[in-house]
There are 2 protein chains.
Amino acid sequence: MSTSISELIAEKIDAMPASERRAAQTLIANYPLIGLRTVAEFSGQAGVSSPTILRFVSRLGFQSYPEFQSALQEELAAQVQSPWNRTATIQRPKDGATFPLMEAAIENIRETFQHLSAQQLDDVTDAISRNRSRFYLLGGRFTDPIATYMAAHLKIVRPGVTHLAGQESQWRDQLIDMGKKDVLLVFDIRRYQDSLLRFAEKAQARGVEIVLVTDQWLSPIARFARHVIAGRTAVPSPWDSSAALFLIAETLIAEVTRKLEQSSADRIRDLEQLRDN
Amino acid sequence: MSTSISELIAEKIDAMPASERRAAQTLIANYPLIGLRTVAEFSGQAGVSSPTILRFVSRLGFQSYPEFQSALQEELAAQVQSPWNRTATIQRPKDGATFPLMEAAIENIRETFQHLSAQQLDDVTDAISRNRSRFYLLGGRFTDPIATYMAAHLKIVRPGVTHLAGQESQWRDQLIDMGKKDVLLVFDIRRYQDSLLRFAEKAQARGVEIVLVTDQWLSPIARFARHVIAGRTAVPSPWDSSAALFLIAETLIAEVTRKLEQSSADRIRDLEQLRDN
DNA sequence: CATAAAATGTAACGTAAAGTACAGTTTGCC
DNA sequence: GGCAAACTGTACTTTACGTTACATTTTATG
């Protein structure tokens, strides 16, 4: 009883044939609910046949499916009774090592949001939600994917979203269309990129409202920005973590979507229609 | 669905006849384990007959015993899987001081890494660290930025990294150079994209080792993948959150960098030199 | 490429479990 | 204390679930 079922699976998964491994992965991904349902439901979810599920269960060392379910239930019931020791017992498998990078990233996220006021968030999302203005996104070497991610979502909920990608000279040409009513969101973390700074300066000169998402040491772009959101990025790794910035992006996306709920509903329906054709 | 089963019982227990009340008390005392077992076991433990258990269950408003069990299971799984809806729904009065999306995302991250074994991580990073083979990255509509992010880092630490971007037809042409020793990492979450599935199938046919990073419902690509990493994506937002996937990417990056430390040191120095010129 | 071995799914089976009819028992009321 | 109503258990029926045998497909090997 000392080894949990998830440990058991991790231990044996390499010795399993493909379909059984698929069953294992499905169970881990939906742990433990799917294992409490019937063989048929389990097999359906995993996309394999019932006998495969039974073979999988028997490979784990159980005599029958009900026996396997009982084990799951007991494990589950034990967790519910004492929530605090579930972290201790289950979260650390035998190697004892949890993931330091993950722990650090979570700390960063918490810290980041603690310093983010609801007011600030509201101001920023208001700016991004102004349908009449254009909204530009720009990122640096490692943060540009986050800008892309944000653009992919916001393009769906509102018009006039432009992700400034590619060569620096290409963005520069966009400046001509940018004006007082427009908004520019820049991601910039160490090592801060001169190209972004130059662009931000010119944009600000044209009256563009700049939102900066940066690290805790603040990009020099802060000088030109109307709003600054600072996230923590330090983790025990050769690289910085952009996870906190990523979550800021997701938060902005969610909030803007909420604010534009009515106006975007039609838009989204139209998009779906276009895609179906 | 808002009222839990124990609440339901507390509400109706006064209107129950003696035997059914005994059933109720037994369930509360052994909550919820006994309710997950068979009617016979339940009735035995409570010292009443099976029909009494069934009447008790039907009085709670369930159409059948299995339906009652499903409700119990979901309740239980919800507690274990995502404490965020406890935190968010119960603990918060009405002032939006904290950020529910963030809390949910953190829970997702924790949950995701809890189901990720060190062994699995090791296998995957080993595959990605094989310098002699080529390493391909591919993402879907919203996950492609994560692939980009990962590529941006890995291109620095090892040669032969290709991010399959742009048109589907462009990736397809890359297939010709992909073979048994190569590795393909695919990000695919709901709604799963046919184009990715098709590509993965062809790649697997050519003997490529596929790593899939997906959501908890598992992309159909799991069928072709040698390694599957499932991340949680559900958050209280109109959009799914890819934060957990993002952190998986960062973890892979960090680990691969560590494994290639020696061979990449020279490479990084050379790169820096190139940039300075 | 041929052959054997392993893996996987289909379909049929037996059984355990849920569900039900009904008779026996208890409880409450006049 | 007699009667009716509600409650409860016994015994039986029915459903659906786990299980198994076997045929087909896939993979490994010389």
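When reading the values below, keep in mind they use all heavy atoms of this one structure, side chains included, and skip hydrogens, waters and symmetry mates. Lettering of chains follows the sequences in order, A, B, ..., and the numbering in each one begins at 1.
Looking at B:R55 and B:S19, their side chains never bring a donor and an acceptor atom within 3.5 Å of each other. Of the N and O atoms on the side chains of B:R134 and B:T162, at least one donor lies less than 3.5 Å from an acceptor on the other residue. Inspection of the B:R37 and A:S70 side chains reveals an N or O donor paired with an N or O acceptor under 3.5 Å.
Contact between the side-chain N/O atoms of A:S19 and the OP1/OP2 oxygens of C:dA7 is not found at any separation under 4.0 Å.
Among D:dT19, C:dA18, D:dT8, the nucleotide with an atom closest to any side-chain atom of A:Y65 is D:dT19.
Around CZ of B:R191, the count of heavy atoms belonging to other residues, nucleotides or ligands within 6.0 Å does not exceed 12.
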Quiz item: Taking it one step at a time, do A:Y31 and B:Q216 satisfy side-chain hydrogen bond (donor to acceptor under 3.5 Å, both in side chains)?
Solution: CA-CA 9 Å; A:Y31 196 83; B:Q216 61 184 311; over 6 Å; no

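For the contact set between residues 37-58 of chain B and DNA chain C, defined by any heavy atom under 4.0 Å, the members are B:T38, B:V39, B:A40, B:P51, B:L54.
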Between the protein and nucleotides 12-15 of chain D, list every N/O to N/O distance that falls short of 3.5 Å.
none

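With hydrogens and angles ignored, the 3.5 Å screen pairs no side-chain donor or acceptor of A:Q69 with any backbone N or O of B:L36. Using modelled atom types, no side-chain atom of B:D188 and backbone atom of B:I221 make a donor-acceptor pair closer than 3.5 Å.
The bend of the helix from C:dC1-D:dG30 to C:dC30-D:dG1, defined by the angle between the axes of its first five and last five pairs, stands at 30° to the nearest 10°.
Where A:S64 and B:Q204 each meet DNA chain D at their nearest nucleotide, the meeting point lying more 5' is that of A:S64.
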